[in-house]
Q: 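Mind looking over this structure? Questions follow.
Here is how names work: the chains are called A, B, and so on, in the same order as the sequence lines, proteins then strands, and each is numbered from 1. Worth knowing before you read on, the calculation uses all heavy atoms, side chains too, and leaves out hydrogens, waters and symmetry mates.
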Amino acid sequence: MDLILTFDYIGTLVFAISGTLSAAEKKLDLFGAAFIGFVTAIGGGTVRDVILGDTPIAWIRNIDYFYIILLGVIITMIFQRAVQKLRTTLFLFDTIGLGVFTMIGLEKGLSFGLSEPIAVMMGICSAVVGGIIRDTLNNEVPLIFQREIYATACIAGALVYLTLRYFMVMPEITQIVSVAVVITVRLLAIKYNISLPKMSIMEEHK
Amino acid sequence: MDLILTFDYIGTLVFAISGTLSAAEKKLDLFGAAFIGFVTAIGGGTVRDVILGDTPIAWIRNIDYFYIILLGVIITMIFQRAVQKLRTTLFLFDTIGLGVFTMIGLEKGLSFGLSEPIAVMMGICSAVVGGIIRDTLNNEVPLIFQREIYATACIAGALVYLTLRYFMVMPEITQIVSVAVVITVRLLAIKYNISLPKMSIMEEHK
Amino acid sequence: MDLILTFDYIGTLVFAISGTLSAAEKKLDLFGAAFIGFVTAIGGGTVRDVILGDTPIAWIRNIDYFYIILLGVIITMIFQRAVQKLRTTLFLFDTIGLGVFTMIGLEKGLSFGLSEPIAVMMGICSAVVGGIIRDTLNNEVPLIFQREIYATACIAGALVYLTLRYFMVMPEITQIVSVAVVITVRLLAIKYNISLPKMSIMEEHK
């Protein structure tokens, strides 16, 4: 479906920009920034496909991803300040990417005949692992472990997808609605400043 | 063999609890804690199977692992303080898991026709890589690189396994004895406070 | 080609030494040092082969790598101070390894029928990912993201390789020249203290 591929490309571009930008705060050099930009964009899908044994993986077979990521990296390097000022726009696209990646990963899991919980895990993996690798390479605890409804939005979208599929709603509608749910949940969570509870035990005396 | 599978499940459960608990000290949110719980439990076997090319990997094909890990994650979230107080019990199960994972990885390596040193590496990988990923995601130098006889116990158990196998001892006995060796070595090392020497050179002046 | 395999082994040895040495500065124990030594030596090729789906990977099929790495780890442990004093020699061999790994990864990518940009990525991956994992396990931002012409030398060598190949120069000459380019670029960069520009935006007020 063309719409999905378009969103997939937009998500890839935005994830590449987010990775490249993150390197700026750590004062990495251009190679470091480019490396993290690439890994952020392809990390989630790569880990998913490696686990599924679906290799060589998509970005190796479809050169489009390479040029899209390269574009994101170069734009970010040249227009660093301008890109940073577009944060709100980027945030919106990032959220679209989140929804699309979740849905693509989930569909891929189902098409491999996985049970539903594992297919949902594949969806979440696609959406969040790139960002986790980005933060780990930047020597930080992954952002999405700490604040914000992020993965939770993915899970909500995935459950809606499975529900619609169960009732045999048309695939295109199922796709669009589930992506919309991811986006809506995240935007609402940001607007109303909702986040997940934290683990809170104190360390015991040793 | 049923006994092995039972221990495998126990090891998986305890590793999931250990990962989830570790997230509490970093004040991660519930998703972060669950993510680290999962990765700690399945990380070692996943890396082993990916290296061996044995995909899609076990926890994707056998949904039991998913529910066992989910159970461990949820128990830990609800009963955080109680779980922490069970540290000694958990430690014992963790050690059992260590022994069983070592033996399972070693057997898998041998069944793939690997040479013995590489099969031992697969055993160690199964047992320790989950914890290494857990600590890396928590932005810490992996605990098992720093103190305690941990991997050393795995190596001892693996060598005993290979020795018994060489003398064609019954497989069940070989399995049980080698797991027992891992457990015994680790418990003795803890009791007598034995640890590996450290690398000790000082940094040179630059 | 024997020369290539010899250099591959030298590169593996030196990468193992560099990983083991790095653990000393963190005061890891012997297992931690050995683990990081192994991962530094095999990490790049492993990630490349997993992405390509070429499993079980080379060091599992060819036991030579295991013994070479073990040798590097043990030498470093026993002669820590002496090894550190050989830094200049090690640096030279490390640079040779960098060139050879780049070329091997690039050739492997091409032999898998990958497009040229992706094959270059496979070359860079082979050369740099081991060091990136080493630094991540040591809880540091990867060195090569921060200073030095390192990956850039790999890219230069890869482009020369592709150019010579395009003009159908003899494979052996193409191999040797491209490795020599990697080495030369890195040595010149060190000598004249050239490094890549850094990403430099300041964090905005929040």
Q: Are the side chains of F35(A) and V128(C) in touch, meaning some heavy atoms are under 4.5 Å apart?
A: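 Touching, per the 4.5 Å side-chain cut-off.
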Q: Check whether any side-chain heavy atom of P117(C) sits under 4.5 Å from a side-chain heavy atom of Y67(A), and report yes or no.
A: yes
Q: Which bit of V129(C) comes within less than 4.5 Å of chain A, counting heavy atoms only: side chain, backbone, both or neither?
A: side chain
Q: With a 4.5 angstrom heavy-atom cut-off, is it the side chain or the backbone of L114(C) that approaches chain A, or both, or neither?
A: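 Contact with chain A involves the side chain of L114(C) alone.
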Q: With only heavy atoms counted, which part of I63(A) is less than 4.5 Å from chain C, the side chain, the backbone, both or neither?
A: side chain
Q: Which one of I155(C), I132(C), D135(C) has the most heavy-atom pairs closer than 4.5 Å to chain A?
A: I132(C)
Q: Mark yes when over 12 heavy atoms from residues, nucleotides or ligands other than F93(A) sit less than 6.0 Å from its CZ; otherwise mark no.
A: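 For F93(A), atom CZ is not crowded (no more than 12 foreign heavy atoms under 6.0 Å).
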Q: Take F145(C) and L137(A) through the side chain to side chain contact (heavy atoms under 4.5 Å, CB included) test and state the conclusion after the steps.
A: CA-CA 10 Å; F145(C) 291 173; L137(A) 289 177; 4.3 Å; yes
Q: So what's closer than 4.5 Å to chain C heavy atoms on L70(A): side chain, backbone, both or neither?
A: neither
Q: Determine the option with the most heavy-atom pairs under 4.5 angstrom with chain C, choosing from V50(A), L30(A), T46(A), T20(A).
A: L30(A)
Q: Atom CD1 of I51(C) and atom CD1 of I42(A): how far apart are they, to the nearest 0.5 Å?
A: 6.5 Å
Q: Evaluate L28(A) against Q146(C) for side chain to side chain contact (heavy atoms under 4.5 Å, CB included), listing each step before the verdict.
A: CA-CA 5 Å; L28(A) 302 189; Q146(C) 298 180 81; 3.9 Å; yes
Q: What pairs meet the salt bridge (charged side-chain N to carboxylate O under 4.0 Å, His left out) rule with one or both residues in residues 178-197 of chain C, with sequence neighbours excluded?
A: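 For residues 178-197 of chain C: D94(C)-R186(C), E148(C)-R186(C).
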Q: Go through W59(A) and M121(C) one step at a time and tell me if the side chain to side chain contact (heavy atoms under 4.5 Å, CB included) criterion holds.
A: CA-CA 11 Å; W59(A) 57 267; M121(C) 280 179 70; 3.7 Å; yes
Q: Quick one: do I124(C) and F31(A) satisfy side chain to side chain contact (heavy atoms under 4.5 Å, CB included)? Show the steps, please.
A: CA-CA 11 Å; I124(C) 298 170; F31(A) 173 74; 4.1 Å; yes
Q: Can you measure from CG (N139(C)) to CG (N139(A)) and round to the nearest 0.5 angstrom?
A: 4.5 Å
